[in-house]
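Below you'll find the structure, written out as structure tokens, and then a few comments.
Here is how names work: the chains are called A, B, and so on, in the same order as the sequence lines, proteins then strands, and each is numbered from 1. Small disclaimer: the values here were computed from a predicted structure and weren't measured.
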Amino acid sequence: MSPKKVSKSNPSDPFAARLGKVEALCELLHRQRLGELEYEDADLKIRLWLGSSSAGFGATAATEPAASAQTAASGSNLYVTSPFVGTFYRAPNPEAKPFVEVGDRVTKGQVLCIVEAMKLMNEIESELDGTIAQILIENGKSVEYGEPLFKIRQE
Amino acid sequence: MSPKKVSKSNPSDPFAARLGKVEALCELLHRQRLGELEYEDADLKIRLWLGSSSAGFGATAATEPAASAQTAASGSNLYVTSPFVGTFYRAPNPEAKPFVEVGDRVTKGQVLCIVEAMKLMNEIESELDGTIAQILIENGKSVEYGEPLFKIRQE
Amino acid sequence: MFKKILIANRGEIALRIVRACREMSIRSVAVHSVVDADSLHVKFADEAICIGPAPAQESYLSTAAIISAAEVSGADAIHPGYGFLAENAAFAETCANCNIAFIGPPPALMRLLGDKISARLRMAESRVPILPGSGRLESATDAIARAERIGFPVMLKAAAGGGGRGMKIVNDAESLPASYELARAEALAGFGSGDLYAEKYLPSPRHIEVQMVADAYGQVVALSDRECSIQRRHQKILEEGPAAVLTDEARATLFSLCERACRDLGYQNVGTFEFLFDRGNFYFMEVNPRIQVEHTVTEMVTGLDLIREQILVAAGVPLSSPFARRPRPRGHAIEARIVAEDPETFAPSPGRISALHLPGGFGVRVDTHVYEGYAVPPDYDSLLAKLVVHAEDRPHAIARLRGALEEFVVEGIATNLALHRRIVRDADFCSGQLDTHFLERFAA
Amino acid sequence: MFKKILIANRGEIALRIVRACREMSIRSVAVHSVVDADSLHVKFADEAICIGPAPAQESYLSTAAIISAAEVSGADAIHPGYGFLAENAAFAETCANCNIAFIGPPPALMRLLGDKISARLRMAESRVPILPGSGRLESATDAIARAERIGFPVMLKAAAGGGGRGMKIVNDAESLPASYELARAEALAGFGSGDLYAEKYLPSPRHIEVQMVADAYGQVVALSDRECSIQRRHQKILEEGPAAVLTDEARATLFSLCERACRDLGYQNVGTFEFLFDRGNFYFMEVNPRIQVEHTVTEMVTGLDLIREQILVAAGVPLSSPFARRPRPRGHAIEARIVAEDPETFAPSPGRISALHLPGGFGVRVDTHVYEGYAVPPDYDSLLAKLVVHAEDRPHAIARLRGALEEFVVEGIATNLALHRRIVRDADFCSGQLDTHFLERFAA
């Protein structure tokens, strides 16, 4: 347990530590655009709920990037996200085979796809070793900055 | 446990400590714009809910009438409120003695004051037996509809 | 000039008057019922006085409460807004007796114009065209005789009427007695007088009205015309101006006859002449001797502040430069009344506004007393906001209104926003094919 | 006409352009950085694309990201708004190379006007009055010689400049070398070019500017003038129009010379000619070849939609009826820029807006991308909202602005609302005694 990162108060004070946790969970709630969150550990049990008092009207937005990092963690799965806006290609050219398929083992540095921006073909490499769990974008579709492209199950 | 940061009260008092916690959680609720928050630890279990009282900006109006009933209860004290907007007079005319003073015993139906509206002198009667605990308006001042005039301690 | 004005009203019009007072450096006094303590007109006025409980009879309609509030606050004038006491001649007389200026026409004129039969006759004397019709009806038998002279179909109307109550269309002599009794009963219940008269019924007229202003020295000006054909049960939903259907010649004729009628009446303050327009002809309906909800349309196209002018005129100031002659309108304005009502049943929909976003930007004006978190009380009319757009011509104004309606968000209560969004996309509306039955066909 | 416009900007101007597109039935594409996902321009555009992380260099200033977003969304035009890439000729050229219309003047003109020295010379050729000044300065020694010819005090200015960076007032020859080096360093750091020139320094001029519009066929019109003397460190805080100080003759002369200069340049799209005005004389400062923040002032007094006209002109549509000749202004408009900054230190004040109330009603316009609950990111400029009022003359506009500022509530972050409330009650401001040092004296 390491409340240091989330709390600015004395970490030896259990309530301050818990408050730090709650604060961090609130931030997570907002950042991840959740409506509700229930959390429990050895010394904290909490439910947060973003009721009608929240975020002005239309609290909304569907297709927002999950994270801005190129590889965003979620459990033991990781997401490879697009480093720029452009067009997603699974293969180096229309005739070629895709770089990867679901179930393929990939290694750090291996090319996973191409994102074309301004006629430039940018190869996107894996940042870790693992197995392709899911391909989230169809070939030829456009992607936003930060949009998840692949789900990779970590070894 | 060191609740000093969150509570201004005596830190050796467990309730003060808890109150400090609640205070901190309330601040968090507002700052994080939650609608509801449930919290539990070894010595505190609480649910905070930002209900309909949140009333948009400028959470409103200081001098609102306590109640629209002519006699509004509050503990064992009751308030006699003005039944209309007008001018409050404690005596039937400038030369006369006031109808009542603090400490006077009054009975149901006894005239307590006059509220003048449109040149009409309206006598305001007590609706119960009791003792005048407080006179809330100065002689000759204007009163709103529903404004408390007298506090009466009930027998 | 007045030092302090008490605003005997609530909602958006009360806030509108607070704003005018503030710009004129006149102190404003808001009065409110218990349930209106959180309304914006109360927050933004210089002073606020709670005058009674929720029912309007004991607060906004209580002469005693309002006069008393004016006396304790030291107000030297009362602005009645629209509705409530705005057309109540007795209230205006009480103000005069208490040495408080009533911001409106002289009480005698309010009384004359409040009786639709006497108003009709006075207009006819001033050569304002009226529909073929009758004076006061004596009985059902009398009504049949008069209706046959006029020619069926006819409309039975309450002499003290307004807002559609006591109005019945009668197609033939057989059905007249039943309608007569019904209209009489409605009129009696609604206005305390069962007096009726009959008028020729027009099947598909447009509603055209003229905004007038007149000072205490005989200066009279027709400021602009508006079309308000989009109504539901004689309640206006959407108003616009200038009326697209009028030629410059028709408009000039109409304005001149309204000005002449005002001069003949000795009219003072602002007022609206309402007409039915059918196949190129105008027929006088009534004069509203007060500010109207849709005065905003005239303000947008003329750039002139009608509430301020109303106050100036009531204080005895002569009409001055921009008001002293007919202004040249600029562009086109449309007002959409956003009301809290169920879109299917049209039942009022009070409750708390859980989320609110008002549109903004170029050519978009919103007049409202509500805000996010505000609870709409069930006790009063359901108007939440007036959304007014202005652009250089009617098509651009419609486009602007369409966009503003898309941006308008009200959550927590039902509103007629969806109805407005349908209206502004309707082909007949866009091409200007309007009459007072537009919404009936539209809803079908 | 364009089918789809990508808006390469954020904040209120992006929303302003979204609204114009919607009214023209053109699809709009909002681009945004990660931290701007909740901004209103993103919510109200037809499409939205996240183009990069918070730093503007990697999002709103990234040609690659923006062109790529235009390509994947199929936009056929890009509106750059103001700031960011709006005056970047290379970006405009890239647009042209990618067959995307850039909504602004031709790149060659942007380049010419971006170099203040060449702009000065071109204006002189068109007989636009300029201040006594120099060409490019070769060295501090050269600068002293030129300054002595001009006469001290002089202002050293960056050739590529704007916004006050690289500007130094020099009172005598002794202090010139130090100022020269400082200005050079600032200019190099700010604009990538250390080129300087010198101009006669005026101690208390007014800032007067003229809004121009020109189509692709040589039609040029001066639409209106604005005064923007209320500045802090060359950043405008409050703008108004028409400039109260100008006589009709002075205005006509000024408009004619701007129109002539535009014709000589072959100018296209909208643009602003900025002048210093001192003792009855105008001196050219610069041309801003883009829409400006304060274009709203011109929109209010002319009733004309400048963003729409900008799009029309870029699409090759000739100026048509209301734009084809100088419009007659109606009344007076004032814009107050509401920014998120500490009122004492003027440091930006990002954070979450915990409570917000925007003023409304007659003659009040608010352009803003924020709402209650919105978090102002620390990454961009601090403009929150433009509050624009319009009334029949300057005193009434000031009264309206005063009231609107009282109604304006922003909680959770610091703003300059209090500063504006002081300005509108200042006697010099109310009587029109303005110059570009107004705020300095005012703060003292």
Side-chain angles (χ1 to χ4, degrees), chain C residues 12 15-16 18-25 40 43-44 295-296 299-308 321-322 327-328 330-331 355-368 371-373 385-386 388-393 395-404 406-407 409, chain D residues 12 15-16 18-25 40 43-44 295-296 299-308 321-322 327-328 330-331 355-368 371-373 385-386 388-393 395-404 406-407 409:
Chain C
E12 68 82 21
L15 179 57
R16 173 72 188 85
V18 166
R19 286 171 170 155
C21 288
R22 193 174 50 200
E23 292 178 14
M24 299 173 80
S25 300
L40 282 189
K43 288 178 196 274
F44 289 139
H295 74 276
T296 52
E299 289 186 328
M300 298 304 267
V301 298
T302 63
L304 302 174
D305 186 330
L306 291 190
I307 303 291
R308 182 169 69 215
S321 112
R328 180 203 303 252
R330 174 187 274 176
L356 178 72
H357 183 259
L358 302 176
F362 185 41
V364 175
R365 165 181 178 183
V366 181
D367 280 45
T368 185
Y371 51 89
E372 193 165 300
K386 304 190 306 201
V388 195
V389 297
H390 183 222
E392 63 263 50
D393 55 28
H396 284 104
I398 293 173
R400 189 155 287 164
L401 180 55
R402 221 176 263 160
E406 280 170 29
E407 289 185 19
V409 177
Chain D
E12 67 83 20
L15 179 57
R16 172 72 187 85
V18 166
R19 286 170 169 155
C21 289
R22 193 173 50 200
E23 291 178 13
M24 298 174 79
S25 300
L40 283 189
K43 290 180 195 272
F44 288 139
H295 74 275
T296 53
E299 289 186 328
M300 298 305 267
V301 297
T302 63
L304 301 174
D305 187 331
L306 290 190
I307 303 290
R308 182 170 68 215
S321 111
R328 180 203 302 252
R330 173 187 276 176
L356 178 71
H357 184 259
L358 302 177
F362 185 40
V364 175
R365 165 181 177 183
V366 181
D367 280 46
T368 185
Y371 50 88
E372 193 164 299
K386 304 190 307 201
V388 195
V389 298
H390 183 221
E392 63 264 49
D393 55 28
H396 285 103
I398 293 173
R400 188 154 288 163
L401 179 56
R402 223 176 263 160
E406 280 170 29
E407 289 186 19
V409 177

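Looking at residues two or more places apart in sequence or on another chain, you find a salt bridge (Lys or Arg N to Asp or Glu O under 4.0 Å) between D:Glu12 and D:Lys386.
Counting all heavy atoms, side chain and backbone alike, D:Val301 lies closest to D:Gly331 at CG1-O, 3.8 Å. Taking both residues in full, the closest heavy atoms of D:Ala391 and D:Ala397 are given as CB-N, 3.5 Å, listed atom of the first, atom of the second, then distance.
Of the possible polar contacts, one joining the D:Glu299 side chain to the D:Leu306 backbone as a donor-acceptor pair under 3.5 Å is found. Side-chain atoms of D:His390 never come within 3.5 Å of backbone atoms of D:Arg365 as a donor-acceptor pair (strictly under, hydrogens ignored). Side chain of D:Glu23 to backbone of C:Ala399: no donor-acceptor contact under 3.5 angstrom is found.
Here C:Arg330 is the residue among C:Arg400, C:Arg330, C:Arg16 with the most heavy-atom pairs under 4.5 Å with chain D. Each of C:Met300, C:Glu406, C:Arg22 has some count of heavy-atom pairs under 4.5 Å with chain D, and the biggest count is that of C:Arg22. In terms of non-hydrogen atom pairs under 4.5 Å with chain D, the most contact-rich of C:Ile398, C:Ile307, C:Leu304, C:Leu15 is C:Leu304. Ranked by heavy-atom pairs under 4.5 Å with chain D, the first of C:Leu358, C:Val366, C:Asp305, C:Val364 is C:Asp305. Annotation: maximal heavy-atom pairing with chain D below 4.5 Å, among C:Pro359, C:Pro322, C:Gly361, occurs at C:Gly361. Comparing C:His396, C:Arg402, C:Met24 by how many heavy-atom pairs each has under 4.5 Å with chain D, the most go to C:His396.
Only the backbone of D:Thr302 comes within less than 4.5 Å of a heavy atom of chain C; no side-chain atom from C-beta onward does. At a 4.5 Å heavy-atom cutoff, the contact between C:Arg19 and chain D is made by side-chain atoms alone.
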